[in-house]
Amino acid sequence: MNPLIRTIAGLGTGWAASRSITMLSRLQAGHGETAATKVASRRTFTRNAALGASAVVLAQFGAMFGILMWPNKTGAFGGDITVGPGSIPEVGGDPFRDQAGKFYVVRNEDGIQALYWKCVHLGCTVPYNGGSGHFQCPCHGSIFTKDGSRIGGPATRRLDRMPISVAEDGSITVSTNPTTIEKSPGRTEYVPTDATPYP
Ligand code: FES
């Protein structure tokens with residue numbers, strides 16, 4: 001479901017829950033009371049209403065945080081994206097660019113990687129330059145090899161990677177969830193364990 005629609009639905013549910021709590025509290029306050037207990041009942045009602053409203057607000061914030069951090073959409077950035085075997089490059093071939101997932105699939109002797117195209121310096125989109133065979137950031141000149149190693153510019157680490165799972169038919173599923181992107185702080189070089197073995 002669209003996150004905006006889910007957020008609106010969550011707010012509506014929260015409003016309905018708040019109204020229900022208020023009505024229940026009023027019913028409770030109106031039954032079986034004597035004059036001597038009315039003041040105490042009003043205090044109890046006010047306290048319960050405040051606690052209920054606070055709980056609803058906290059639940060709404062929690063739901064919105066969850067939607068933002070763990071989007072469940074598929075086929076778009078933030079979810080799982082499947083790449084068919086026909087799109088997996090040959091060893092040493094040009095990267096396959098996935099527009100929706102914002103990644104490149106690259107392949108070498110060790111296997112495959114899904115490289116996040118967001119520059120690890122300040123976040124520009126890094127295009128692949130077929131002439132040089134490198135990824136070259138247009139913003140401040142960081143340069144990365146096809147394996148993702150940084151070989152120039154101000155970036156302080158290699159390109160980030162997205163987790164890959166390989167199916168029996170040779171297709172791969174790439175998780176583009178921002179919380180699972182694999183970073184290598186302080187490491188500029190590719191190492192073989194960065195790659196996922198590919199048949
Ligand atoms: S954003 Fe890529 S080098 Fe600065």
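Count residues from 1 along the sequence. Heavy-atom basis, side chains included; hydrogens, waters and symmetry copies ignored. In listed order, ligands and their atoms are each counted from 1.
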Contact between I143 and R150 at the side-chain level, heavy atoms closer than 4.5 Å - yes or no?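 No, too far: nothing below the 4.5 Å cut-off.
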Does any part of the side chain of V106, heavy atoms only, come nearer than 4.5 Å to the side chain of I112, both counted from C-beta?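 No, their side chains stay 4.5 Å or more apart.
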Looking at R107 and D110, does any basic side-chain N land under 4.0 Å from a carboxylate oxygen?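 Salt bridge absent between R107 and D110.
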Would you mind checking if R158 and D147 are paired as a salt bridge, meaning a charged N to carboxylate O distance below 4.0 Å?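 Result for this pair is no, no salt bridge flagged.
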Using the ring-ring contact (aromatic ring centres under 6.0 Å, His included) rule, pick out the option among F144, Y128, F103 that qualifies with F135.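 Checked F144, Y128, F103 against F135; only one passes ring-ring contact (aromatic ring centres under 6.0 Å, His included): Y128.
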Everything protein-side that's N, O or S and under 2.8 Å from atom 2 (Fe) of ligand 1: list it, residue and atom.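 Under 2.8 Å from atom 2 (Fe) of ligand 1 - ignoring waters, which are not counted - the protein N, O or S atoms are C119 SG, C137 SG.
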Apply the hydrophobic cluster definition, ILVMFWY joined by side-chain contacts under 4.5 Å directly or through others, and give me every member besides V91.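 Direct or chained contacts put V91 with none.
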